[in-house]
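Step one of this worksheet: look at the structure below.
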Amino acid sequence: MQVMLKNDAGLVKEVKLGFSWTTFFFGFIPALIRGDLKWAVIMFALAAVAGVFTFGLGAWVPGIIFSFVYNKIFIKELLEKGYRPATAEEAAKLQTEGIVTPGPSSVGA
């Protein structure tokens, strides 16, 4: 499932909801491609630390964990940066996923 987010300047971003298959298969690289440098560094550091302490075998564990939460983290950060759901249907999707709480309409026009 995908959701469209729009900022005040009219820039629209289409973001996936739920499990992140790209993060599952490629680790921190999708965050890097999205321009989310902070989370790319965090994911890389956690994988490196887990790999060092497990002789490389545990480096995949943070990737699996982030696969379940990264899309939600990315959407929340976009919302903090001024993006809003493009339509009422998009806002309903975010409410269903528990990303935003029901309240005054903050749908981008």
Side-chain angles (χ1 to χ4, degrees):
M1 181 169 23
Q2 296 181 345
V3 66
M4 303 270 287
L5 301 176
K6 185 177 183 179
N7 69 4
D8 293 336
L11 183 64
V12 177
K13 288 197 175 202
E14 191 171 333
V15 194
K16 294 194 180 218
L17 289 171
F19 188 82
S20 175
W21 286 100
T22 54
T23 301
F24 179 77
F25 287 113
F26 302 111
F28 70 95
I29 295 173
L32 197 59
I33 291 171
R34 290 180 180 180
D36 194 2
L37 187 59
K38 176 179 89 172
W39 284 101
V41 169
I42 290 170
M43 285 187 238
F44 178 78
L46 289 175
V49 168
V52 165
F53 288 114
T54 61
F55 301 105
L57 298 176
W60 53 271
V61 173
I64 291 175
I65 294 168
F66 274 106
S67 297
F68 288 96
V69 297
Y70 178 65
N71 284 339
K72 190 173 192 175
I73 291 169
F74 185 63
I75 291 170
K76 283 187 175 186
E77 289 198 355
L78 286 176
L79 293 172
E80 289 174 6
K81 291 178 181 177
Y83 282 84
R84 297 287 167 245
T87 65
E89 292 81 21
E90 307 294 332
K93 289 179 189 177
L94 293 176
Q95 288 176 4
T96 301
E97 292 291 321
I99 296 171
V100 296
T101 57
S105 179
S106 60
V107 176

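Predicted, not measured: the structure shown is a model, and the values here were computed from it.
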Is there a side-chain contact (heavy atoms from CB on, under 4.5 Å) between Leu17 and Lys93? Walk through the geometry before answering. CA-CA 9 Å; Leu17 289 171; Lys93 289 179 189 177; 4.0 Å; yes
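- The closest donor-acceptor contact from the side chain of Gln95 to the backbone of Val100 lies at 3.5 Å or more, if one exists at all.
- Linking ILVMFWY side-chain heavy atoms closer than 4.5 Å, directly or via other members, places Ile64 and Phe66 in a single hydrophobic cluster.
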Report the C-alpha separation of Asp36 and Leu32 in whole Å, then their side-chain angles, then the decisive distance to 0.1 Å, and conclude whether the side-chain contact (heavy atoms from CB on, under 4.5 Å) test is met. CA-CA 6 Å; Asp36 194 2; Leu32 197 59; over 6 Å; no
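- Taken from CZ in Arg34 to CH2 in Trp39, the straight-line distance is 13.0 Å, to the nearest 0.5 Å.
- Of all the heavy atoms in Gly27 and Pro30, the pair that sits closest is O-CD, 3.2 Å.
- Note on ring orientation: taking the six-membered ring where Trp is involved, the planes of Trp21 and Phe25 are parallel (angle under 30°, cut-offs 30° and 60°).
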For the pair Glu77 and Lys38, evaluate side-chain contact (heavy atoms from CB on, under 4.5 Å) and give the outcome as yes or no after the intermediate values. CA-CA 11 Å; Glu77 289 198 355; Lys38 176 179 89 172; 2.8 Å; yes
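- Hydrophobic clustering, with ILVMFWY side chains joined whenever heavy atoms are under 4.5 angstrom apart, groups Leu37 together with Val69.
- Residues Ile99 and Val12 do not share a hydrophobic cluster, defined by chaining ILVMFWY side chains whose heavy atoms lie under 4.5 Å apart.
- The same ILVMFWY cluster, assembled from side-chain heavy atoms under 4.5 Å apart, contains both Ile73 and Met1.
- Atom NZ of Lys16 sits in a sparse spot, with 12 or fewer heavy atoms from other residues, nucleotides or ligands closer than 6.0 Å.
- Closest of all the heavy-atom pairs between Glu97 and Lys72 is O-NZ, 3.8 Å.
- Judged by distance alone, with hydrogens and angles left aside, the side-chain atoms of Arg84 form a donor-acceptor pair with the main-chain N or O of Leu79 at under 3.5 Å.
- Side-chain polar atoms of Tyr83 and Asp8 form no donor-acceptor pair below 3.5 angstrom.
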Enumerate, atom names and distances included, each donor-acceptor pair closer than 3.5 Å involving a side-chain atom of residues 44-56, sequence neighbours excluded.
unit_1, atom_1, unit_2, atom_2, d
Thr54, OG1, Ala50, O, 2.6
Thr54, OG1, Gly58, N, 2.6

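- In terms of modelled atom types and a separation under 3.5 Å, the side chain of Asn71 and the main chain of Gly18 share a donor-acceptor contact.
- In the hydrophobic clustering of this structure, Leu94 groups with Leu11; members are Ile, Leu, Val, Met, Phe, Trp, Tyr whose side-chain heavy atoms approach within less than 4.5 Å, directly or through other members.
- Side chain of Ser67 to backbone of Phe24: a donor-acceptor contact under 3.5 angstrom is found.
- To the nearest 0.5 Å, atoms CZ (Phe68) and OG1 (Thr23) are separated by 11.5 Å.
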